[in-house]
Amino acid sequence: QVRLVESGGGLVQPGGSLRLSCAASGFYFSSYAMAWVRQAPGKGREWVSDINSGGGRTYYGDSVKGRFTVSRDNAKNTLYLQMNSLKPEDTAVYYCAKRNSPYGRPWYVESEYDYWGQGTQVTVSS
């Protein structure tokens, strides 16, 4: 069955960096676009980034553009999110999600994703 397992979250000071990973299994990883979505306490889900199946096209939400970088290693069935210049408002649970197509998009429509990981907590605080 499809599994998405995030890792790499933790506590970091403002201005610091973290790299999240999402290990995928149970489907042809290289055939599908993937995304990162986050949810802060008491708030709805916020789309962070998309990457197409081949990894050549990436998209970012305005709040993370220029600070976060999404990438993937199709040989390792793994999705990454490099997060730099972290701010307290980046504090959230970060989820990876599988799109139901090979094409990434610069927007978030929940019905376009069919599987989610369990999430990893990122806390940015001094």
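All values derive from a computational prediction rather than experimental measurement.
Linking Ile, Leu, Val, Met, Phe, Trp and Tyr whenever their side-chain heavy atoms come within less than 4.5 Å leaves Leu18 and Tyr95 in two separate clusters. No chain of hydrophobic side-chain contacts below 4.5 Å, direct or via other Ile, Leu, Val, Met, Phe, Trp or Tyr residues, connects Ile51 to Tyr59. Hydrophobic clustering places Val93 together with Trp116 (ILVMFWY residues linked when any side-chain heavy atoms are closer than 4.5 Å, directly or through intermediates). Under the 4.5 Å side-chain heavy-atom criterion for ILVMFWY residues, no single connected hydrophobic cluster contains both Met34 and Tyr113.
Of all the heavy atoms in Asp90 and Arg67, the pair that sits closest is OD2-NH1, 2.7 Å. Contact detail for Gly61 and Trp47: the closest heavy-atom pair is N-CZ3, 3.5 Å. Scanning all heavy atoms of the two residues, the minimum distance from Val64 to Val48 falls at CG2-O, 3.6 Å. For the residue pair Cys96 and Leu79, the shortest heavy atom distance occurs at CB-CD2, 3.8 Å. Closest of all the heavy-atom pairs between Tyr108 and Arg45 is OH-CD, 3.5 Å. Closest approach of Ala92 and Arg38 over heavy atoms only: CB-CB, 3.8 Å.
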- Please report the C-alpha distance between Ser31 and Ser53 in whole Å, then the side-chain angles of each, then the deciding distance to 0.1 Å, and finally whether the side chain to side chain contact (heavy atoms under 4.5 Å, CB included) criterion is met. CA-CA 5 Å; Ser31 295; Ser53 59; 5.6 Å; no
- Task: Please test Arg105 against Glu112 for salt bridge (Lys or Arg N to Asp or Glu O under 4.0 Å), starting from the C-alpha separation and ending with a verdict.
- Result: CA-CA 10 Å; Arg105 292 287 185 263; Glu112 295 179 356; 5.8 Å; no
- Item | Full working for side chain to side chain contact (heavy atoms under 4.5 Å, CB included) between Phe27 and Lys98 | CA-CA 10 Å; Phe27 65 103; Lys98 171 187 170 293; 3.5 Å; yes
- Task: Decide side chain to side chain contact (heavy atoms under 4.5 Å, CB included) for Met83 and Arg19; before the verdict, give the C-alpha distance in whole Å, the side-chain angles of both, and the deciding distance to 0.1 Å.
- Result: CA-CA 6 Å; Met83 306 186 295; Arg19 188 172 87 149; over 6 Å; no
- Message: What verdict does the side chain to side chain contact (heavy atoms under 4.5 Å, CB included) test give for Thr78 and Phe29, after you've listed the backbone C-alpha separation in whole Å, the side-chain angles of each residue and the deciding distance to 0.1 Å?
- Response: CA-CA 8 Å; Thr78 304; Phe29 181 72; 5.6 Å; no
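Between Asn84 and Ser17, the side chains place a donor N or O and an acceptor N or O closer than 3.5 Å (distance only, hydrogens not considered).
Using bins of under 30°, 30° to 60° and over 60° for the plane-to-plane angle, the ring pair Phe68/Tyr94 lands in the tilted bin.
One distance of note links CG of Asp114 with OH of Tyr32; it measures 7.5 Å at 0.5 Å rounding.
Partner of Ser63 under the side-chain hydrogen bond (donor to acceptor under 3.5 Å, both in side chains) criterion, chosen from Lys87, Glu89, Glu46: Glu46. For the side-chain contact (heavy atoms from CB on, under 4.5 Å) with Leu81, the qualifying choice from Thr69, Val122, Val70 is Val70, the only one to do so.
Side chain of Ser126 to main chain of Gln13: no donor-acceptor pair is present (N/O by atom type, distance under 3.5 Å, no hydrogens or angles). Checking side-chain atoms of Thr120 against main-chain N and O of Gly9 turns up a donor-acceptor pair under 3.5 Å.
Residues satisfying the side chain to side chain donor-acceptor pair (under 3.5 Å) criterion with Asn52, sequence neighbours excluded, are absent altogether.
The closest side-chain heavy-atom distance from Tyr80 to Cys22 is not below 4.5 Å.
Using a 4.0 Å cut-off between charged nitrogen and carboxylate oxygen, Arg57 and Asp50 do not count as a salt-bridge pair.
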